Number of protein chains: 2
Amino acid sequence: MAARILDAAEALVVRFGYRRTTVDDVARRAGVGKGTVYLYWPSKLELFGSVLTRESAQMLAEQLAMVKADPGEVRLHRSMRCTFLQIMRRPLSKAFATRDYDVLGELMTASQSGVRFVTGKIETTARYLAVLYKHGLLADDPAADPALLYRLSAAVTGAFLLEGVPGMGDLGLEDKADALATTLRRAFEPAAEPTPRTLRGAASELTELYEQWAVELAKALPGGDT
Amino acid sequence: MAARILDAAEALVVRFGYRRTTVDDVARRAGVGKGTVYLYWPSKLELFGSVLTRESAQMLAEQLAMVKADPGEVRLHRSMRCTFLQIMRRPLSKAFATRDYDVLGELMTASQSGVRFVTGKIETTARYLAVLYKHGLLADDPAADPALLYRLSAAVTGAFLLEGVPGMGDLGLEDKADALATTLRRAFEPAAEPTPRTLRGAASELTELYEQWAVELAKALPGGDT
DNA sequence: GACTGACCAATTTGGTTCTTCAGTCAGCAT
DNA sequence: ATGCTGACTGAAGAACCAAATTGGTCAGTC
């Protein structure tokens, strides 16, 4: 039930944007009464926050599968390359990452959902970086260098926000992802290639971290849906 | 006279933003009639475009002075560090770089001024990069790698646009500039330190490029002012 | 001949009414 | 009871229009 409502909300917000999507529309499309929506979420904002949360849970699951298939995927530049492509291919996440106010409206600025979603992401990124460093996959110690997280955020943010600028974007999406990967590998990773053993070690530890995070995300959603 | 009008326009736009600043206000503050403004500029948009152009001319002059004082300043990470600080310390340029729509309004999106200003900057950056590469100060050949300019834009853009995001900005301005410099040095420059001789060579060539550009910017301004 | 400010068309603003929508809750169906 | 619904309400927003501003012009002044 909750999942059906989320499906409806997602489809509508992608098509019409947050502001122009009414709770009534969502309920009708899901084939339930409006009151039912409020049985699961306290407000419109939190409903759409859940849509975002579900998207990020789906992306996390993809990421997890890729790491399991190839431990090399844990490396910062590989992981971020993949994340970049995932986000850019999902209209909602792309709207969020590129700060598309027309689509997300207040959902972007509201202190709930939107921002909490990002701060959660940042916090987990910090833990991810700590693990990478422990396994020698990061050039600098994130614990010793408070600016590291800022540097990484800036480097990644640029790739997303340059998207909205015309004239600069005549590269394919894959090319842009490669560009981001190159920058990250050189700016944040050690010069030497890691051994397969190292990668497996980091992968197993990160798998656990990801799975914990997946559980946390699932807990934030009403019902036990995908 | 043109300079006095530009001074007035600059002061007012910093304080009230483009939309809330009227041409009448500017004229009155400059102590001239409104018609006089239209003797120098064909429209409000171009008047404020000139304000932006003058700012960038001033920054270019500063940059030039620094390169003359220390040829090491031509290195990409040093140059961009300095540019970052210059822009962030000037309210107008900062508003432009951080896409502050409240201050710049249509001045940002209009096909004149704003955008032409940026495309000019990008074009010159391409020439700047070619010179750096020729002198061995850049890891990759910008002519052979069309994504290089994109990579650089993304890396720099991130530093500027992260500014508007709360929670991430608890570093000092200098720290952020250092962070940008670190990322750029590692991601775009050769690992080896350049020799003083190399730097002097690049500096003299770039000085010429900068001076050419300064002339071009001055030509775009009415009158022969600062 | 350099400069001005009253003037005009076009946009913006302020105020008012009418509509829509987020959120609630009494009641229906099962 | 229990799970769900959709009519209801106040508040926010759209639509409308008259009045005020403002970008740009040009006949006239110094």
Side-chain angles (χ1 to χ4, degrees), chain A residues 1-13 15-52 101-114 221-225, chain B residues 1-13 15-52 101-114 221-225:
Chain A
M1 174 67 85
R4 256 205 359 259
I5 296 173
L6 284 178
D7 289 339
E10 182 179 339
L12 289 172
V13 78
R15 196 163 150 72
F16 301 111
Y18 177 78
R19 206 176 55 89
R20 292 179 198 287
T21 302
T22 71
V23 176
D24 227 19
D25 290 339
V26 173
R28 203 156 350 183
R29 187 176 229 270
V32 301
K34 187 161 74 150
T36 308
V37 172
Y38 285 91
L39 250 40
Y40 291 84
W41 290 273
S43 70
K44 178 184 178 182
L45 215 57
E46 298 220 26
L47 163 61
F48 286 88
S50 281
V51 174
L52 246 37
Y101 199 84
D102 287 345
V103 171
L104 289 175
E106 332 155 47
L107 190 54
M108 191 99 237
T109 54
S111 58
Q112 295 142 64
S113 62
L221 291 173
D225 35 48
Chain B
M1 171 67 83
R4 257 207 355 262
I5 297 174
L6 284 178
D7 289 340
E10 182 180 338
L12 289 172
V13 77
R15 195 162 150 74
F16 301 111
Y18 178 77
R19 208 175 56 87
R20 293 179 197 287
T21 302
T22 71
V23 176
D24 224 22
D25 289 340
V26 173
R28 203 158 349 188
R29 186 177 229 269
V32 300
K34 188 162 71 150
T36 308
V37 173
Y38 285 90
L39 250 39
Y40 293 85
W41 290 273
S43 70
K44 179 183 179 185
L45 216 55
E46 299 219 25
L47 163 61
F48 286 89
S50 281
V51 174
L52 247 36
Y101 200 84
D102 286 346
V103 171
L104 290 175
E106 332 155 46
L107 190 54
M108 193 97 237
T109 55
S111 58
Q112 294 141 63
S113 61
L221 290 174
D225 34 49

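In what follows, every chain begins at residue 1, and chains take the letters A, B, ... in the order their sequences are listed. The model shown is predicted, which means the values in this text are computed figures rather than measured ones.
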Going from CG on A:Leu6 to CG on A:Leu221, what distance comes out if it is rounded to the nearest 0.5 angstrom?
6.5 Å
Whole-Å distance separating the CZ atom of A:Arg20 from the P atom of C:dC21:
11 Å
Tell me: CG of B:Asp24 to C1' of C:dT11, nearest whole Å?
16 Å
Segment of DNA chain D, first to last nucleotide, that comes within the 4.0 Å heavy-atom reach of chain B:
D:dT22 to D:dT25
Select base, sugar-phosphate, or nothing to describe what B:Arg28 touches, counting heavy atoms under 4.0 Å on all strands.
nothing
Judged by each residue's nearest nucleotide on DNA chain D, which is more toward the 5′ side, A:Arg19 or A:Gly31?
A:Gly31
Under 4.0 Å between any heavy atoms, over every strand shown, what does B:Thr36 touch: base, sugar-phosphate, or nothing? Just pick one.
base
Are the side chains of B:Met1 and B:Tyr40 in contact, using a 4.5 Å heavy-atom criterion?
yes
So, B:Arg29 and B:Asp25, do they make that salt bridge, N to O below 4.0 Å?
no
Interatomic distance, B:Arg28 atom CZ to B:Lys34 atom NZ [nearest 0.5 angstrom]:
9.5 Å
Measuring from atom CZ of A:Phe48 to atom CD of A:Glu10, what distance do you get when rounded to the nearest 0.5 angstrom?
10.5 Å
Could you state the interatomic distance from CD (B:Glu106) to NZ (B:Lys44), rounded to the nearest 0.5 Å?
7.0 Å
Footprint string (nucleotides 23-30 of chain C, 5' to 3'): B base within contact, S backbone only, - free, heavy atoms under 4.0 Å:
BB------
Only one of B:Ile5, B:Leu107, B:Thr21 clears side-chain contact (heavy atoms from CB on, under 4.5 Å) with B:Leu47; which?
B:Ile5
When every non-hydrogen atom of A:Val51 is compared with those of A:Ala9, the smallest separation belongs to CG2-CB, 3.8 Å
